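Scroll down for the structure; my scribbles are underneath it.
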Amino acid sequence: PNGAWLVVGTQSGKMCIWKMTGEGPVEAPCETWKDDLPVMNVVFSPKGRWLATSCTGGCKEFGAPVRLWDLSADFPKQEPRRLTHATELNEDSLLAFAFNGDETRLAVAYGYAVVVWDLTQENPPQSVVGRYASSGGWVGAVGLSPDNKWLAVGSGRGAAVMLWDLTGTRKDPVALKGHRAADNAVVFSDDGRWLATGGQDATARLWDLDEPTIPSTVLRGQELPIRQVLFSAGAEPRHLVTLGEDAHARLWTVPDPVADPLVLRARVKPAIVGMAVSPDGNWIATSSQEDKKLVLWSASDPRQPAREL
């Protein structure tokens, strides 16, 4: 989140780690670390204390771990911690995870449920502070709001995103209905005002959390299911990036999301499977399943890629 690192994971388990500058990655071979599992999900915590990686989307066995790196402890030379659940679960398949705003909680999705670990404890998986259900089917997406108020849960079968109130004010979740198929992605904006969701119905939606029961704004610009949604950083996000099963990501302008998005076109093999936005909102990185290139886009002029690594 402070823009110091760019990290990419691969199906072979290799992680490539670049030191970043204002001009982009340092021109040098990346530092590498090798996992014995595919590295399919790479997530920095909001303030830059933690980096979590996992095989979600590519795990071949149950009981898969989350690797937790402490970025304040000689990263990337120090080995990560290996976290696996320590409580009884109906399903043991690791599917998604997300940090909360103050980096004290990690929500981890296993099968039909989400458990929230306390990262302030010595053994977080043994310190479960809450357990929450989906609207049906395995959990496919999870998000924690920066103000620690909401947990958003999207599932592979139910079309409603379940919005759980973590303050205890509401006992039952708010069902955010709008998608006509499974919910594949959820993300909160840094100011906690907006929730973006992406669905199997090839639409993204923006929900105003000041009034979460009001119908969402529908974003139509992709032809195939949406797999990932990301806001640019900051209290007033300027952009939302959506990534689907087609060859190109879309860049939407916030707060005018109904305008046609910009299509991020690059000469890479489909399909794009990874995406990240830099903390200052100036850079967008995408990676492809069948191409070794990491493509960097400048948000100021996203008509063509700025660099390929």
Side-chain angles (χ1 to χ4, degrees), residues 1-2 4-19 30-132 134 138-144 148 151 153 186-187 228 273-276 287:
N2 59 6
W5 301 99
L6 175 63
V7 180
V8 177
T10 68
Q11 287 184 318
S12 67
K14 179 183 177 181
M15 283 177 55
C16 204
I17 303 168
W18 282 278
K19 184 69 176 177
C30 67
E31 294 193 55
T32 60
W33 184 84
K34 186 70 170 61
D35 200 333
D36 55 359
L37 296 169
V39 180
M40 305 297 290
N41 202 355
V42 177
V43 178
F44 287 97
S45 60
K47 297 179 181 179
R49 167 68 188 280
W50 307 107
L51 170 67
T53 65
S54 78
C55 61
T56 50
C59 302
K60 298 180 180 179
E61 299 178 355
F62 291 125
V66 175
R67 309 283 189 189
L68 188 66
W69 306 71
D70 188 344
L71 300 188
S72 66
D74 198 23
F75 178 77
K77 296 179 181 179
Q78 185 165 327
E79 289 290 305
R81 296 166 67 186
R82 188 182 191 274
L83 305 182
T84 56
H85 73 85
T87 56
E88 184 177 351
L89 299 170
N90 291 331
E91 295 287 349
D92 194 15
S93 180
L94 176 63
L95 300 172
F97 60 86
F99 291 98
N100 71 338
D102 60 13
E103 305 179 317
T104 61
R105 301 288 188 266
L106 183 68
V108 187
Y110 287 99
Y112 299 94
V114 177
V115 291
V116 180
W117 294 341
D118 186 349
L119 294 180
T120 66
Q121 301 302 308
E122 182 67 25
N123 191 338
Q126 290 186 345
S127 303
V128 175
V129 297
R131 184 176 298 191
Y132 307 90
S134 71
W138 280 13
V139 176
V142 61
L144 286 164
N148 299 326
L151 169 71
V153 180
V186 298
V187 67
Q228 192 174 357
V273 294
M275 180 173 63
S287 61

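Residue numbers count from 1 along this sequence. These numbers come from a predicted model, not from an experiment. Heavy atoms only: backbone and side chains are in, while hydrogens, waters and symmetry mates are out.
N123 CG to W117 CH2: the interatomic distance, rounded to the nearest 0.5 Å, is 9.0 Å. A distance of 12.5 Å separates OG of S127 from CG of L106, quoted to the nearest 0.5 Å. Separation of atoms CZ (R82) and CG (D35) is listed at 8.5 Å; rounding is to 0.5 Å. In this structure, L71 CG and L51 CG are separated by 5.5 Å, a value rounded to the nearest 0.5 Å. Expressed to the nearest 0.5 Å, how far CG of D74 lies from CD of E79 amounts to 11.5 Å. Here L151 contributes atom CG and R105 contributes atom CZ; the two are 12.5 Å apart, rounded to the nearest 0.5 Å.
Using a 4.5 Å cut-off on side-chain heavy atoms (C-beta onward), P124 and R81 make contact. Proximity of L37 to P65: side-chain heavy atoms (C-beta onward) are separated by under 4.5 Å at one or more points. Considering only heavy atoms from C-beta on, V115 stays 4.5 Å or farther from H85 through its side chain. Here the side chains of W18 and V8 are in contact, with some heavy-atom distance below 4.5 Å. Contact of the R49 side chain with the D70 side chain is registered, since non-hydrogen atoms from C-beta on lie closer than 4.5 Å. The closest side-chain heavy-atom distance from L68 to L119 is below 4.5 Å. Side-chain atoms of W138 and Y112, non-hydrogen and from C-beta on, do get closer than 4.5 Å to each other.
Looking at every heavy atom in both residues, A96 comes nearest to V142 through CB-CG1, 3.7 Å. The shortest non-hydrogen separation linking Y132 to V116 is CE1-CG2, 3.7 Å. The two residues Y110 and A64 come nearest to each other via the heavy atoms OH-O, 4.0 Å. A pairwise comparison of heavy atoms in A73 and Q78 identifies O-OE1, 3.0 Å as the closest pair. Minimum interatomic distance between E31 and P76 (heavy atoms only, all atoms of both residues): OE1-CG, 3.6 Å. Of all heavy-atom pairs spanning K47 and G101, the tightest one is CE-O, 3.7 Å.
Exactly one residue among V66, T56, L95, L94 makes a side chain to side chain contact (heavy atoms under 4.5 Å, CB included) with N41. That residue is T56.
The local environment of NZ in K77 is sparse, with at most 12 non-hydrogen atoms from other residues, nucleotides or ligands closer than 6.0 Å.
For F75 and W5, the distance between ring centers is under 6.0 angstrom. In summary, the aromatic rings of W33 and W69 are positioned with their centroids under 6.0 Å apart.
Residues that satisfy the side chain to side chain donor-acceptor pair (under 3.5 Å) test with T120, not counting sequence neighbours, are D118.
Panel note: side chain K34, backbone S12; a donor-acceptor pair is recorded below 3.5 Å.
In this structure, a donor-acceptor pair under 3.5 Å is present between the side chains of S45 and E103.
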